[in-house]
S.K.: 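Quick one: the structure is below, questions incoming.
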Amino acid sequence: MQAASLDQVFAALADPTRRAILSRLAGGEASVSDLVAPFSLSQPTISKHLKVLESAGLVTRSRDAQRRPVRLNAAPLEQAAGWIGDYRRFWEASFDRLEDYVQTLRQEEQKS
């Protein structure tokens with residue numbers, strides 16, 4: 001994933017309303033009206049959030065007669081999780097080294 005795309009994904013995820021919209025869409029596609037219902041926000045405000053999510057590639061819209069259903073596109077989330085996973089491996093390796101050091105200290109303490 002290119003840095004600019006990753007920036008857009010994390011910027012989109014920084015807002016709790018946008019994360020809630022993604023959670024709702026994980027259960028299936030929805031219309032904008034469906035997405036407005038659980039929030040105390042106006043439809044234009046939800047549409048602005050959807051534009052941010054769409055530009056980050058996290059949602060797609062299609063046309064179905066009179067409806068424009070919104071769908072989750074989880075691929076960018078997987079790429080962001082992969083980026084975070086690199087740091088998880090770093091911390092796991094650090095904790096493993098710390099555990100080894102603590103074990104060494106315990107063994108030395110038992111010898112004395």
S.K.: So which heavy atom on A12 is nearest to which on L58, and how close?
M.R.: CB-CD1, 3.8 Å
S.K.: Does R68 have any side-chain hydrogen bond (donor to acceptor under 3.5 Å, both in side chains) partners at least two apart in sequence or in another chain, and if so, which?
M.R.: none
S.K.: Using a 4.5 Å cut-off between side-chain heavy atoms of Ile, Leu, Val, Met, Phe, Trp and Tyr, which other residues end up in the same hydrophobic cluster as V102?
M.R.: L98
S.K.: For Q103, I'd like to know if atom CD has over 12 heavy atoms of other residues, nucleotides or ligands within 6.0 Å.
M.R.: yes
S.K.: What's the verdict on side-chain contact (heavy atoms from CB on, under 4.5 Å) for L25 and L35, showing C-alpha distance, side-chain angles and the deciding distance?
M.R.: CA-CA 9 Å; L25 293 173; L35 295 172; 4.0 Å; yes
S.K.: Should T17 and I46 be marked as a side-chain contact (heavy atoms from CB on, under 4.5 Å) after you check the CA-CA gap, both sets of side-chain angles, and the distance that decides it?
M.R.: CA-CA 9 Å; T17 301; I46 293 297; 4.3 Å; yes
S.K.: Are any non-hydrogen side-chain atoms of H49 and I21 less than 4.5 angstrom apart?
M.R.: yes
S.K.: So, do R61 and K51 sit near enough that their side-chain heavy atoms are less than 4.5 Å apart?
M.R.: yes
S.K.: For R19 versus L13, what's the shortest heavy-atom pair and its separation?
M.R.: NH1-O, 2.6 Å
S.K.: Quick check on E92: does its CD atom have over 12 non-hydrogen neighbours (other residues, nucleotides or ligands) under 6.0 Å away?
M.R.: yes
S.K.: Can you check whether A11's main-chain N or O pairs, donor with acceptor, with R18's side chain at less than 3.5 Å?
M.R.: yes
S.K.: Run I84 and F10 through side-chain contact (heavy atoms from CB on, under 4.5 Å) and show every step you take.
M.R.: CA-CA 11 Å; I84 291 171; F10 282 118; 4.0 Å; yes
S.K.: Quick check: closest heavy atoms across V36 and L41, and the distance to 0.1 Å?
M.R.: CG1-O, 3.6 Å
S.K.: Going from CH2 on W91 to CZ on F95, what distance comes out if it is rounded to the nearest 0.5 angstrom?
M.R.: 6.0 Å
S.K.: So, do W83 and V9 sit near enough that their side-chain heavy atoms are less than 4.5 Å apart?
M.R.: no
S.K.: For side-chain contact (heavy atoms from CB on, under 4.5 Å), just list the numbers for S47 and V32, CA-CA rounded to whole Å, side-chain angles, deciding distance to a tenth of an Å, and then say yes or no.
M.R.: CA-CA 7 Å; S47 291; V32 175; 4.0 Å; yes
S.K.: Hey, could you give me the OG/CD distance between S5 and Q79, rounded to the nearest 0.5 Å?
M.R.: 7.5 Å
S.K.: When rounded to the nearest 0.5 angstrom, what distance separates CZ in R88 from CG in D86?
M.R.: 12.0 Å
S.K.: Between the side chains of R24 and E29, is the shortest nitrogen-to-carboxylate-oxygen separation below 4.0 Å, so that they form an ion pair?
M.R.: no
S.K.: CG/L50 to OG/S55 distance, rounded to the nearest 0.5 angstrom?
M.R.: 11.0 Å
S.K.: Out of the candidates V52, L22, N73, only one should pair with V59 under the side chain to side chain contact (heavy atoms under 4.5 Å, CB included) rule; please name it.
M.R.: L22
S.K.: Can you name the closest pair of heavy atoms from G82 and R89 and give their distance?
M.R.: O-NH2, 4.3 Å
S.K.: When you measure from the side chain of D100 to the backbone of R97, do you find a donor-acceptor pair of N or O atoms at a distance under 3.5 Å?
M.R.: no
S.K.: Write down the atom of A80, the atom of L6, and the distance for their closest heavy-atom approach.
M.R.: CA-CD1, 3.9 Å
